[in-house]
Amino acid sequence: MKYAMLIDQTKCIGCGACTVECKGKYDEASYGVLRTEMRKFESGSYPDVKLRYTKHACMHCFVAACKEVCPVDAIWHVEGEEGGMVEIDIETCIGCGACVGACPFEVPVIDEEREKAEKCSFCAFRVVEGESTYCAEACPVGAISFGEREDLIAQGESRVDDLQAAGRDKAHLYGKDDTGVLILIDDDYEVYDLVAEGFTLSSIGWRALSSYGSLAVAAAIGGIGYRVVKNRLDELSKEREEETQA
Amino acid sequence: MLASSAAVAAGAASNFLLQGCQPDVEEPAVDEPDVDDPSEEPTEEFELVSVEPSITDTKFNFCGICSANCAMIVDIADDKAWRIRGNPDDQVAEGYLCVKGYSALKDLYDPDRLKQPMKRTNPEKGPGVDPEWVKIDWEEAFELTAEAFNKAIEESGAESIGFFSRGHDWMNRLRDAIGTPNHIMHHSTCFTTYTAIWRTVLGMGNRPWMLDVGNAKYILSFGWDQPSKAKNMSAREYVKAVSNGAKVVYVDPRLTITGSLGGEWIPIKPGTDLAFMLAMIRIIINEELYDKDYVDNYTTGIDELKEAVQDYTPEWAAEITEVPAEKIEEVAREFATTKPAMVPNHKRDAGGPNYQNSWRTAFCKVILNVLAGTFDREGGQIHARTPGGMPGFNDVFPSPEFPELATTERVDGWEKHPIVAPTRRGDFSTFTEAQLAGEPYQLKAALFRKHNVLAFPNAPRFVEALKTLDFMAVVDVWPSEMVQMADVVFPEPYYLETSGFGAREYHAFHPQIALREPVIDPLYDTRGYGGVITGIANAMGLGEYFEDVDGGKYNDERLQALGTSWDDLQNSENGMWSDEKPFEGREEWPTESGKIELYSPALEENGYDPLPYWEPKAAEPTDEYPLYMLISRPPMHKMSQTQNNELMMQAQQTNTVMINEETAASLGIEDGDEVVVESRANQITLKAELVKGIRPDCVCVEHGFGHWSKELTIAFNQGANEGDLIPTLTVEEMVNSGCPGAGSQMNDFCVNVYKA
């Protein structure tokens, strides 16, 4: 089954109900380390200003840079790449931070106390049992929907049609081909700090590579795990080269 | 961003490497991971880990964080509350809670909570002073309080006793048994401007904020901002309306999500909403765009109103409001011709106690809703359908005769406002000045509950007023700032540990009641407010007033009057009692004429203008204080009550000074700079937050931060209290301001802002 989450930004009031419900349930990370949070965006100039909030969390990418760079393969797609759920196996995670640097959406954070990477898990343990995510169940205004991917795409596109009919030309369903999380946006994707759709490892990989550079240095200084890091770094460069050539 | 991410990555890697040297840390999984074969999915290696315990029980309760009281279902796992959900059968919650409600378990299990009665041993009081608590038993706490109260009564009369607390049946009885007129609540900082207008114009003053927003097609907000404050039902209904294509016109000096999600923002000059509305009323009446059936059938005074507004042209209003005349005309016509249209109320908006002229704004809001024909109709402002006919406390437990009031003259002068005086709500603003001046007299001893120091205008000056009391007892859940000033502290349970029931009021289209049952056994040695009051009364020698009083019996008799019972409610399947009769719009109002009185004889008889003439707000910018001050409330917090909640604080940990980016540039202020905000009352220091969506002549600070109680380990020292800046008023100033609701004029002052 392919699942998805639909965040309707045109309904989000920025309250943070999703933030606290998620944090209250996944409470093991240290204070201030959140799996989902609110981001505020202001655009335009006074007095023609637009204020928007969106839920900022893992997008659950089909092409997941975090997974590609993870030196210990702790990151996996629960139901295959297009199954919409990217998970960190917390036992395996070594907290190295490679994923932090690699993510094009600036999502994972390192919980310094536990030395683990933290990000939204899509409540995968609930989803595979047929239940919804905690955030979708909590959202008091219906801005977060969870369900089968096809249904949510249909729902999102119908809403896009309505909004466009009402003159909101930039209404768009973001992530249809790329991510497990779909976002209904009402302006250019840059306004929301998103990346261009149709992304590949090549188009987002520069972040991964830069991150790898510093990680490799750190690993080399420590003298442990260098081989692992180096191997993956070489591999990534090779893939990038091939993609670029193709 | 990239540089810092890389640094985090490198730092984390080094940490790990150091850890790797410790013997008790397992070698990481570097043993031949499948790096050599990236095509191989490692999926099979991992198992999904559940964080969810087995649910052993569910309990019903309703939220005690704000007065909307959303009904809750609490999942229990092995005697520990695990999760709270909204009760789907409740009209208010509709299956959901707000960010604050979802965070409540962190309050319940907050280790900083008060755990037993205490007395202070350090006579010095104030911020930074250790009270030097000593734990005492309940008897000693009651004795100390009774002794102090009786001493004050003997030496200075019953009027020297004050109660700072929301109305509560037990407390009200002790107040009356003592015979003091001084019961002071927070409402003059909250909604008494609306109370005054609704009591006179509509003949009924309670709860003037129930709305059918979800069915509205045109929502004209003058500072009504409940969606951005995450008020559960208002936010949900608003999003529903907007998603269904309703237009929102948000008239406010600052842009919030209410203005941004729904359509159009009109950045009006602060405190001039009245002029905008008067011009609208003139256009709508002159062009006969109003709902004639509604006005003919249900109102009086339209002719007098028409005559009164003739000078208020759009051009006149444009000059005052800085909104173009054409825009005012456009909004007036759209509002009058789009059905259903509403001007929503809540509390501290343009019609709340923000400005000296706010009561007139509240009056115009009633008028506009009437002209739209939506007052108490679908898509309009509604009167809550609450359960009627329940007996009162004195009916169920007849009281021995109360003594005569020691005097009708109150320390805060509340009796001088004839329209709201019967509500006995009292005045936060004037109390401080009266107590410090000793005029007309001083309180000597007082009981406080739930009203925190930070809620009072100019809180540092209020602290000075508290220092003049010989004795204060405080009932609280947390070691708040008020507790830090206390001589004796009574710890009470968190609402999730208590029982009772609550009528639906905030979104009540039919009468409905929610059950509150303890979700877990009490964690600490606490007693409910009724128990504390009874203990004090017994120790004071006033036990006869509480002899047969019994909470369970009270619940039962009240519910029996509705045709149910305390047992039935406790055993109900969904924790609710409902009388689902269909909503029918009111045809009569309890005024003298039985109609909505657009020309109000009740206002006139009490010495106030019977029509909403123009009056400016009190404070305008000067060289010394060149900027308007705005105060807002964030979605993640309830006033100054929730800053010790670990979850809410992770969602928002502090407040800022929001300032227009161009104004900031002209003052040499950059985002994140420490700045001083100074009013004629006080000053605070906070970080600046540069925003686009605020008028260049305004700054805005959110309320709730700046706690100085060190016993609130999470809240302590986060942000600053903007309430420190609000000037207090003397009784004379309040009376002279001419506001029948004695509103505290929370935003009616100007400030200076400069780099710290």
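In what follows, every chain begins at residue 1, and chains take the letters A, B, ... in the order their sequences are listed.
Taken from CD1 in B:Ile257 to CZ in A:Arg52, the straight-line distance is 9.0 Å, to the nearest 0.5 Å. One finds the CG atom of B:Leu261 at 7.0 Å from the CD atom of A:Gln9 (value rounded to the nearest 0.5 Å). To the nearest 0.5 angstrom, B:Tyr102 atom OH is 12.5 Å from A:Thr19 atom OG1. Here A:Glu37 contributes atom CD and B:Gln652 contributes atom CD; the two are 13.0 Å apart, rounded to the nearest 0.5 Å. The NZ atom of B:Lys231 sits 12.5 Å away from atom CD1 of A:Ile13, with the distance rounded to the nearest 0.5 Å. Residue A:Tyr53 holds its OH atom at 9.0 Å from OG of B:Ser260, rounded to the nearest 0.5 Å.
The pair B:Lys692-A:Asp48 does not count as a salt bridge, with every side-chain nitrogen at least 4.0 angstrom from each carboxylate oxygen.
Heavy-atom distances place both the backbone and the side chain of B:Val691 under 4.5 Å from chain A. Neither the backbone nor the side chain of B:Asn645 comes within less than 4.5 Å of any heavy atom of chain A. Neither the backbone nor the side chain of A:Asp8 has a heavy atom closer than 4.5 Å to any heavy atom of chain B. Within the 4.5 angstrom heavy-atom criterion, no atom of A:Ala143 approaches chain B. Heavy-atom distances place no part of B:Leu105 under 4.5 Å from chain A, backbone and side chain included. Interface residue B:Met649: backbone and side-chain heavy atoms are both found under 4.5 Å from chain A. For A:Cys12, the part sitting under 4.5 Å from any heavy atom of chain B is the backbone (N, CA, C, O) and nothing else. Heavy-atom distances place the backbone of B:Leu97, and not its side chain, under 4.5 Å from chain A. For B:Tyr96, the part lying near chain A is the side chain, with the backbone staying farther off; criterion is any non-hydrogen pair under 4.5 Å. For B:Lys229, no part lies near chain A; criterion is any non-hydrogen pair under 4.5 Å. Neither the backbone nor the side chain of A:Val109 comes within contact range of chain B; no heavy atom of the residue lies under 4.5 Å from a heavy atom of that chain. Interface residue B:Val99: backbone and side-chain heavy atoms are both found under 4.5 Å from chain A.
Of the residues considered (B:Asn232, B:Ile694, B:Thr258), B:Ile694 shows the highest number of contacts with chain A, using heavy-atom pairs under 4.5 Å. Heavy-atom pairs under 4.5 Å with chain B were tallied for A:Val128, A:Asp162, A:Ile90, A:Leu51; the largest tally goes to A:Leu51. Taking A:Ala166, A:Ser45, A:Cys93, A:Ala74 one by one and counting their heavy-atom pairs under 4.5 Å with chain B, the maximum is reached by A:Ala74. Among B:Pro267, B:Pro634, B:Ser103, the residue making the largest number of heavy-atom pairs under 4.5 Å with chain A is B:Pro267. Between chain B and the residues A:Lys40, A:Lys50, A:Met38, the most heavy-atom pairs under 4.5 angstrom are made by A:Lys50. Interface summary for chain A: among B:Gly245, B:Ser243, B:Ala651, the most heavy-atom pairs under 4.5 angstrom belong to B:Ser243.
Under the 4.5 Å side-chain criterion, counting only non-hydrogen atoms from C-beta, A:Pro47 is not in contact with B:Arg695. Under the 4.5 Å side-chain criterion, counting only non-hydrogen atoms from C-beta, B:Gln653 is in contact with A:Tyr31. Using a 4.5 Å cut-off on side-chain heavy atoms (C-beta onward), A:Cys15 and B:Met636 make no contact.
Judged by the 6.0 Å distance and 45° axis criteria, A:Lys25 is positioned over the aromatic ring of B:Trp82.
In terms of heavy-atom proximity, B:Leu48 sits nearest to A:Glu87 at CD2-OE2, 3.7 Å. Nearest heavy-atom pair, B:Leu647 versus A:Gly24, reported as atom, atom and distance to 0.1 Å: CD2-N, 3.7 Å. Between B:Gln650 and A:Leu34, the shortest heavy-atom distance links the atoms O-CD1, 3.7 Å.
Annotation: B:Glu662, atom CD; neighbour count of heavy atoms from other residues, nucleotides and ligands within 6.0 Å does not exceed 12. Within 6.0 Å of CD on A:Glu28 lie more than 12 heavy atoms contributed by other residues, nucleotides or ligands.
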Under 3.5 Å, which donor-acceptor pairs link side chains of residues 134-141 of chain A to any protein atom two or more places apart or in another chain?
unit_1, atom_1, unit_2, atom_2, d
A:Tyr134, OH, B:Glu52, OE1, 2.2
A:Glu137, OE1, A:Arg126, NH2, 3.1
A:Glu137, OE1, B:Arg83, NH1, 3.1
A:Glu137, OE1, B:Arg83, NH2, 2.8
A:Glu137, OE2, A:Arg126, NH2, 3.1

Side chain to side chain contact (heavy atoms under 4.5 Å, CB included) between B:Val49 and A:Phe125, worked out: CA-CA 6 Å; B:Val49 183; A:Phe125 80 91; over 6 Å; no
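Listed in order of number, the residues of residues 116-124 of chain A that approach chain B to under 4.5 Å between heavy atoms are A:Ala124.
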